[in-house]
Amino acid sequence: MTAVVDAAVETRPETSRRGRGTVLLVSLTILLVVGVVMSATIGQLPVTRGEVLGSLLRHLGISTDWAPPSGELVDRTLDHIRYPRVVMSVLVGAALAVSGAVMQAIFGNPLAEPGVVGVSSGAALGASIAIALGLTFGESWSVAALAFVGAFLSTMLVYVTARSAGRTEVVTLLLTGIAVNAIAGAGLALVMFIGDTAAREQIVFWQLGSLNGSLWSEVLVVLVVAVPTTAIAIALAGRYDLLALGERTAGHLGVRVEALRLVSIVLVTLLAAVAVAFAGIIAFVGLVVPHLVRILVGPAHRLLLVASALGGAVLLVWADLLARTVVVGADLPIGLLTALVGGPFFFWLIRRARQRSGGWA
Amino acid sequence: MTAACAVREVTCVRGGRPVLTKVTLDVRSGEVLALVGPNGAGKSSLLGVLAGDLSVAAGDVELDGRPIGSWVPRELARQRSVLLQANDVSFPFRAAEVIEMGRSPWAGASGFADDEQALSAAIDRADVAHLLDRPYTALSGGERARVSLARVLAQDTPVVLLDEPTAALDLRHQEEVMAVARRLARAGKAVVVVLHDLSVAAAWADRVAIIDAGRLVACGPPADVLTAERILAVYGIAVHVVPTPDGHVSVVPRRTEFSDNVSHQGDEASYTHEQDRGRDLP
């Protein structure tokens with residue numbers, strides 16, 4: 001009898017939370033589609049929603065009357081400027097949010113984020129070296145590869161320094177982040193000093209973060225890296241849940257903790273590196289998005305990762321739209337906008353973490 | 001009777017210091033074995049060795065007759081469960097979710113009905129039904145300990161290793177947790193419990209193993225092992241070993257030097273074992 005009552009008590013919030021998850025995923029999808037269409041229509045050259053729809057349908061092999069005349073200005077603007085930029089913002093947003101969520105899972109700390117702990121600046125340093133040295137192997141891949149090397153080295157540095165006994169204290173993590181950011185910043189300054197004017201401009205571009213001038217070849221690189229890594233992260237979701245119990249306990253429940261950590265570091269690094277290589281340092285997406293998702297639907301990682309991917313995409317699509325339209329005729333760096341939102345949010349998080357642990361534990 | 005798990009001549013070194021020296025111990029199915037000893041004696045290390053967490057410098061560790069190193073993690077998680085002293089959870093998972101994590105080693109191996117049955121039994125035994133919807137991170141120390149115990153019970157393994165499961169608990173829950181351990185043993189499981197309270201060990205364990213400075217000092221039925229002389233030798237404190245009305249023994253420190261503060265019954269130092277017995281029995 002009591003067991004029946006218990007089961008009822010147990011199921012209700014479970015279903016309500018699952019219901020909330022569905023609502024969240026559907027709302028995010030709607031926000032994403034609306035954002036993508038608006039991004040395609042708004043810009044220096046006005047394009048109607050009908051033209052966007054017609055052009056999209058034509059790419060799917062369906063011809064309609066709405067489609068803009070093939071090969072003319074509207075069509076070319078959409079195909080070569082708007083679409084790659086929108087797709088890039090979707091992919092980069094998803095990649096950053098997922099890499100943040102995975103990093104928080106393996107550090108056991110909700111303040112871990114590629115930008116905060118210096119992984120992004122490591123990636124930017126790697127990418128800027130590729131540019132300054134004029135490395136051009138494999139088109140867009142050389143930049144991504146060096147960004148990966150830089151990001152990987154900084155992740156390992158943070159990981160080795162900031163962890164003790166399977167957990168990462170907030171202060172140690174942030175201090176390590178400061179150190180890594182300082183080293184990468186010095187490296188960037190050096191590359192800027194040595195490099196020519198063109199290289200300098202590109203390095204400035206990284207530090208601010210922008211989706212301007214995204215190319216299909218770059219989008220392809222991001223796509224090829226981000227989609228499988230995100231899929232692997234989602235497949236590992238159950239293990240990330242167990243990792244929240246602490247590494248030893250996760251081990252007692254059958255998780256190969258060492259292997260999971262290693263794979264996850266590679267995932268985080270790939271995602272952060274590929275995002276930074278082509279969009280620059282866009283901070284706080286990996287911090288804000290998973291956190292809001294956790295508040296809304298709880299910390300279980302399967303839903304967290306899926307919703308974070310969508311939420312990151314939504315955030316960047318809309319942030320990019322804002323960046324392009326808030327000042328007429330100008331293209332604000334998107335990193336500036338996300339930092340404007342993310343900075344205060346980070347303050348709030350630190351305060352909360354501080355209250356909970358009763359000081360700087 | 002076969003040993004559910006065993007260590008033979010095990011020496012374990014941590015940080016250059018031997019924490020266990022030539023320890024040999026069998027844990028049998030169907031018994032509660034209490035590990036007791038002073039702080040830093042190596043109880044938790046022995047538990048870690050039995051769990052397969054710590055590698056040993058010498059000796060053999062066996063689980064179900066096989067070297068523990070030969071078990072793959074998933075199999076191991078279906079054979080033995082472990083409750084550690086510290087049970088922090090990094091994110092605000094609900095208590096129900098934490099307990100469900102105990103079923104994860106059985107994913108794909110047990111049916112939905114088995115999972116549900118194991119979960120409701122675990123929730124019932126650990127007395128946490130009223131906590132299920134609360135975020136784990138918002139629970140008190142004692143509530144966390146019980147939710148974590150429920151997680152371990154949900155894992156439903158033949159060997160159960162508990163490191164100070166009663167440390168954060170009030171008197172009633174302490175007794176209930178030990179009753180849970182007894183019931184597990186009656187159901188045929190091997191239960192190892194690290195305890196500080198010798199009276200609790202004496203009341204609930206089939207056998208008590210005393211560890212001191214990394215060595216196994218004694219192992220056997222509580223009444224044989226927990227003698228005043230041995231406790232004085234190991235803990236460096238004089239105690240009364242007093243029979244309880246329930247037929248167990250209770251270990252109470254001699255507190256004579258403070259008797260002028262706490263007692264108005266005259267010279268307690270002259271109390272003998274016999275007098276204690278006479279006073280306690282009805």
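Labels below follow one simple rule: chain letters A, B, ... track the order of the sequence lines, proteins then strands, and each chain is numbered from 1. Predicted, not measured: the structure shown is a model, and the values here were computed from it.
Scanning all heavy atoms of the two residues, the minimum distance from B/F93 to A/A244 falls at CE1-CB, 3.5 Å. A/G254 approaches B/A77 most closely through the heavy-atom pair N-CB, 3.5 Å. Shown here for A/G251 and B/R80, the closest heavy-atom pair between the two residues is O-NH2, 4.3 Å.
Chain A forms more heavy-atom pairs under 4.5 Å with one residue of B/V152, B/L76, B/D53 than with any other, namely B/D53.
Using a 4.5 Å heavy-atom threshold, the side chains of B/L161 and A/H252 count as separate. Counting heavy atoms from C-beta on, the side chains of A/L245 and B/R151 come closer than 4.5 Å.
Residue contact with chain B, scored on non-hydrogen atoms closer than 4.5 Å, is absent for A/R239. Heavy-atom distances place the side chain of B/L84, and not its backbone, under 4.5 Å from chain A. Of the atoms belonging to A/A250, not a single heavy atom falls under 4.5 Å from chain B.
With rounding to the nearest 0.5 angstrom, the CZ atom of B/R74 is 10.0 Å from the CG atom of A/L253.
Summarising the local packing, CZ of B/R14 is surrounded by 12 or fewer heavy atoms from other residues, nucleotides or ligands at distances under 6.0 Å.
Ring pair B/F91/A/H301 is perpendicular by interplanar angle, where above 60° counts as perpendicular and below 30° as parallel.
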